[in-house]
There are 4 protein chains.
Amino acid sequence: MCEHPLPENSGKDPVTPRTDDEKQAVVNRLRRIEGQVRGIQKMVEDDRYCVDILVQISAIDKALKRVGYSLLERHTHHCVKDAIQKGDGDEAIDELMKVVQQFSK
Amino acid sequence: MCEHPLPENSGKDPVTPRTDDEKQAVVNRLRRIEGQVRGIQKMVEDDRYCVDILVQISAIDKALKRVGYSLLERHTHHCVKDAIQKGDGDEAIDELMKVVQQFSK
Amino acid sequence: MCEHPLPENSGKDPVTPRTDDEKQAVVNRLRRIEGQVRGIQKMVEDDRYCVDILVQISAIDKALKRVGYSLLERHTHHCVKDAIQKGDGDEAIDELMKVVQQFSK
Amino acid sequence: MCEHPLPENSGKDPVTPRTDDEKQAVVNRLRRIEGQVRGIQKMVEDDRYCVDILVQISAIDKALKRVGYSLLERHTHHCVKDAIQKGDGDEAIDELMKVVQQFSK
């Protein structure tokens with residue numbers, strides 16, 4: 001499972017632009033994650049117990065994956081669906097499968 | 001695999017205090033991760049392509065796991081080893097196994 | 001991420017029946033995995049070194065995931081695509097997202 | 001995280017031989033997994049719905065990981081602990097960390 005990874009910048013756009021509310025909801029979740037990452041920095045500086053830090057890292061990891069899944073969901077319901085409806089689905093599906101694999105490793 | 005999770009705060013301390021250099025190295029990696037999380041916020045605000053954002057999230061996830069593994073390694077080489085040498089190893093090993101499981105889910 | 005799991009038996013069928021060649025290819029991979037699982041039983045009976053057994057388990061795990069991804073790919077290229085073309089895509093996409101999540105945990 | 005993988009055969013032995021009961025318990029779990037793998041072969045031959053098969057694969061994956069964790073646990077409580085008590089712990093810990101990483105990918 002070490003095939004060609006997806007490019008960092010595909011040059012594509014979302015088929016349906018995100019609404020301001022959608023953007024805000026994702027940004028809010030990412031801000032909370034950013035705060036959690038800062039929280040761990042403090043735990044390290046305070047020389048806190050390793051396992052306690054690991055529990056926090058594991059919580060951030062899960063929060064990050066949840067954001068990822070919600071983006072994946074939106075992407076499939078909009079971009080992939082739209083591509084399929086335009087008869088252009090196979091490429092979109094291949095890309096989707098690739099990101100799913102990269103994401104679950 | 002949904003047993004009792006580890007507590008958020010165990011009240012324990014690392015057996016060997018982290019040196020300033022060790023702390024700095026971990027904090028630097030976490031700062032870079034914090035910057036990456038902010039980078040994704042900008043990608044969302046700029047309405048960038050979902051898959052491009054997912055590729056970044058997946059990169060952060062891997063960076064976070066690497067920090068986790070390095071903490072795990074230090075923890076095992078110091079706290080767990082020390083507990084075993086003091087004849088107190090079984091509890092430390094159980095805790096280690098728990099955090100490994102929580103971490104790899 | 002501990003929502004309602006997917007049912008064991010949905011009562012559905014693949015929209016495009018698998019050809020005999022397709023079936024055979026998947027069955028062959030599963031037979032190899034079955035053989036690997038038997039191989040580990042022997043390793044346990046022969047009291048082989050734990051880490052060597054774990055390396056094998058990890059290899060089986062990866063082989064199993066690869067089979068899973070190939071089924072997922074076919075499912076998306078056929079069943080999900082077909083549902084979307086029939087205007088019935090959202091349910092199929094929700095199911096797909098659910099199985100992706102269950103699978104990558 | 002793509003460093004040198006562990007060798008397939010380390011040439012080592014478990015420090016405490018597994019008892020017959022221990023062996024039997026692991027073998028029984030592996031036999032059940034073997035049966036589950038055969039069950040999926042039948043599902044593929046019967047052309048069952050892809051998502052139903054994926055749910056089963058995901059269940060096998062979890063069962064396999066559980067066996068892995070129980071071996072990991074025994075390994076740490078016996079081999080790693082013993083190596084540490086003999087003053088030879090660092091190598092055993094490095095190996096443990098490597099297998100944990102390989103296992104959770």
Side-chain angles (χ1 to χ4, degrees), chain A residues 5-15 17-18 22-24 26-28 30-31 33-38 40-42 44-62 64-65 67-68 71-72 74-76 78-79 92 95-96 98-100 102-105, chain B residues 5-15 17-18 22-24 26-28 30-31 33-38 40-42 44-62 64-65 67-68 71-72 74-76 78-79 92 95-96 98-100 102-105:
Chain A
L6 289 162
E8 289 218 355
N9 187 341
S10 62
K12 296 182 204 167
D13 289 307
V15 63
R18 293 182 184 88
E22 276 185 301
K23 285 182 187 179
Q24 201 52 53
V26 183
V27 168
N28 286 348
L30 290 167
R31 274 206 194 122
I33 290 172
E34 195 195 323
Q36 287 175 290
V37 176
R38 260 198 307 273
I40 312 182
Q41 290 169 32
K42 184 148 176 22
V44 174
E45 279 159 356
D46 293 350
D47 208 27
R48 292 278 303 278
Y49 187 53
C50 340
V51 171
D52 292 0
I53 302 178
L54 283 164
V55 168
Q56 287 311 309
I57 290 187
S58 161
I60 298 180
D61 191 61
K62 272 165 199 55
L64 204 57
K65 288 223 155 146
V67 173
L71 292 173
L72 196 69
R74 193 196 184 278
H75 173 65
T76 315
H78 288 87
C79 309
E95 190 191 50
L96 177 71
K98 239 174 165 169
V99 81
V100 162
Q102 198 156 319
F103 203 67
S104 29
K105 251 189 286 196
Chain B
L6 290 162
E8 289 218 355
N9 188 341
S10 62
K12 296 181 204 167
D13 288 308
V15 64
R18 294 181 184 90
E22 276 185 302
K23 285 182 186 178
Q24 201 52 54
V26 183
V27 168
N28 286 347
L30 289 167
R31 275 206 193 124
I33 290 171
E34 194 195 324
Q36 287 175 290
V37 176
R38 260 198 307 273
I40 311 182
Q41 289 169 33
K42 184 147 177 21
V44 173
E45 279 160 355
D46 292 351
D47 208 27
R48 291 278 302 278
Y49 187 53
C50 341
V51 172
D52 293 359
I53 301 177
L54 284 165
V55 168
Q56 286 311 310
I57 290 187
S58 162
I60 298 180
D61 190 62
K62 272 164 199 57
L64 204 56
K65 289 221 153 147
V67 173
L71 293 172
L72 195 70
R74 192 195 184 280
H75 173 66
T76 315
H78 288 87
C79 309
E95 189 191 49
L96 177 70
K98 238 175 166 170
V99 82
V100 161
Q102 197 155 320
F103 202 68
S104 28
K105 252 190 285 195

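For clarity, every value in this text was computed on a predicted model and none was experimentally measured. In what follows, every chain begins at residue 1, and chains take the letters A, B, ... in the order their sequences are listed.
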Honestly, the part of B:E95 sitting under 4.5 Å from a heavy atom of chain A is side chain
So, the part of A:E45 with a heavy atom under 4.5 Å from chain B: the answer is both
Okay, A:Q56 and chain B: the region with an atom under 4.5 Å from a heavy atom over there is side chain
> Would the number of heavy atoms belonging to other residues, nucleotides or ligands and lying under 6.0 Å from NZ of B:K12 be above 12?
Replying inline: yes
Side chain to side chain contact (heavy atoms under 4.5 Å, CB included) test vs B:I33 passes for just one of A:I40, A:V37, A:I57, namely A:V37
In terms of heavy-atom pairs under 4.5 Å, which option from [options] contacts chain B the most?
options                    : result
A:C79, A:C50, A:A59        : A:C50
A:V26, A:N9, A:L96         : A:N9
A:R48, A:Q41, A:E8, A:Q36  : A:Q41
A:G35, A:S58, A:G11        : A:S58
A:I60, A:L72, A:V99, A:L64 : A:L64
A:D52, A:D13, A:V27        : A:D52

Heavy-atom closest pair (A:R18 atom, B:Y49 atom, distance to 0.1 Å) is NH2-C, 4.5 Å
In short, A:Q102 meets B:K62 closest at the heavy-atom pair O-NZ, 3.3 Å
CG (B:L6) and CG (A:L54) are apart, to the nearest 0.5 Å, by 9.5 Å
Would you mind reporting whether A:F103 and B:D61 have side-chain heavy atoms less than 4.5 Å apart?
-> no
